[in-house]
Participant: 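One structure coming up, written as structure tokens, with questions to follow.
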Amino acid sequence: MSVRVHFLGTGASIPTKDRNLSSVVLRYNSELVMFDCGEGTQKQMSIAGLSLAKKMKIFISHMHGDHVLGLSGLLQSMALLGREKQLDVYGPRGIMKFVDCVNDAVQFNPTFPLNVHEVRAGRVDDARLYEVHSAWMDHVIPCLGYSFVEKPRPGKFNVKAARRMRIPEGPLWKLLQMGKTVKVKGRKIHPRLIVGPSKPGCKIVYTTDTRPCDETVRLASKADILIHDSSFDTSLEEKANLDGHSTATQAARIAKKAKARRLILTHISARYRTPAVLLREARKIFPNATVASDLMIIDL
Ligand SMILES: [Zn+2]
Ligand SMILES: [Zn+2]
């Protein structure tokens, strides 16, 4: 299954004409998995061609406005459009109160089942094809980083072998592909005879806002993509530390330690008209680094 990563908002604290506030969406198997929902995220979704009616889950990192305030507008738009599918929202303590208060004050009257989950570090979601894990980051308020971990992808189905063994096409092929032993005219057929070895699934990790920390290294171990806080360049390291953020250099060190394949720098301070300095810094330590921009897409 392929994953498409949409960067909807890549700025820090205040939206600018070039950068909206934090939000990343994974498009996976006709489902959307969103990390953070800064203001105006529903508009960015519409520009990116992501439907508000789709099966969807939202994972909020922390209760700072630039990561959560877009949720109220998004929920309102979904209700106005008559969304029917269930929506699950995950986040640290405070997320339930936030959604309740918004609903109390503006009565967006959801037209869909809305489940809000307050979560801690650990496995926060176990779906059929993937899991989502979380870990505590090092910010100025409780903040969770998330990893999307796809379960192993099934191996290649050997059609010729299946025909040779006279296994009728249809449900039995499906069962074999799913790793189940089947019976054909009393003969037991093990999937190993028909299906190749499974391949590891992909891993995408989202960690902002945070100072550099060991929890990120663990969460992002061997990730295909690590999306990391890179609010500032090294000349502002002291400020980054004070505000609970990372510099591009620090993000690159974390990616290297975690043995991630690719690093995407995000949560870029509005002071950088061009992110060239951040990119230069990061690539000195971790060459496969990119600075995220709004509406950027990565396919995995
Ligand atoms: Zn932030
Ligand atoms: Zn924050």
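All values below were derived from every heavy atom in this structure, side-chain atoms included, with hydrogens, water molecules and symmetry-related copies excluded. Atoms within each ligand, like the ligands themselves, are counted from 1 in listed order.
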Participant: May I ask you to say whether D224 pairs ionically with R262, meaning some side-chain N is under 4.0 Å from a carboxylate O?
Facilitator: no

Participant: Would you confirm whether the ring centroid of H64 sits within less than 6.0 angstrom of the ring centroid of H139?
Facilitator: yes

Participant: Which atom, counting only N, O or S, brings H267 closest to the Zn ion (ligand 1)?
Facilitator: NE2

Participant: Testing the basics here: between L52 and L74, what is the closest heavy-atom pair and its distance to 0.1 Å?
Facilitator: CD2-CD1, 3.5 Å

Participant: With a cut-off of 6.0 Å (strictly less than), are more than 12 heavy atoms of other residues, nucleotides or ligands near CZ of R153?
Facilitator: yes

Participant: Anything under 30° is parallel, anything over 60° is perpendicular, the rest tilted; go ahead and classify F59 against Y90.
Facilitator: parallel

Participant: Strictly under 2.8 Å of the Zn ion (ligand 2): which protein N/O/S atoms qualify?
Facilitator: H62 NE2, H64 ND1, H139 NE2, D209 OD2

Participant: Do H67 and H267 have ring centres separated by under 6.0 Å?
Facilitator: yes

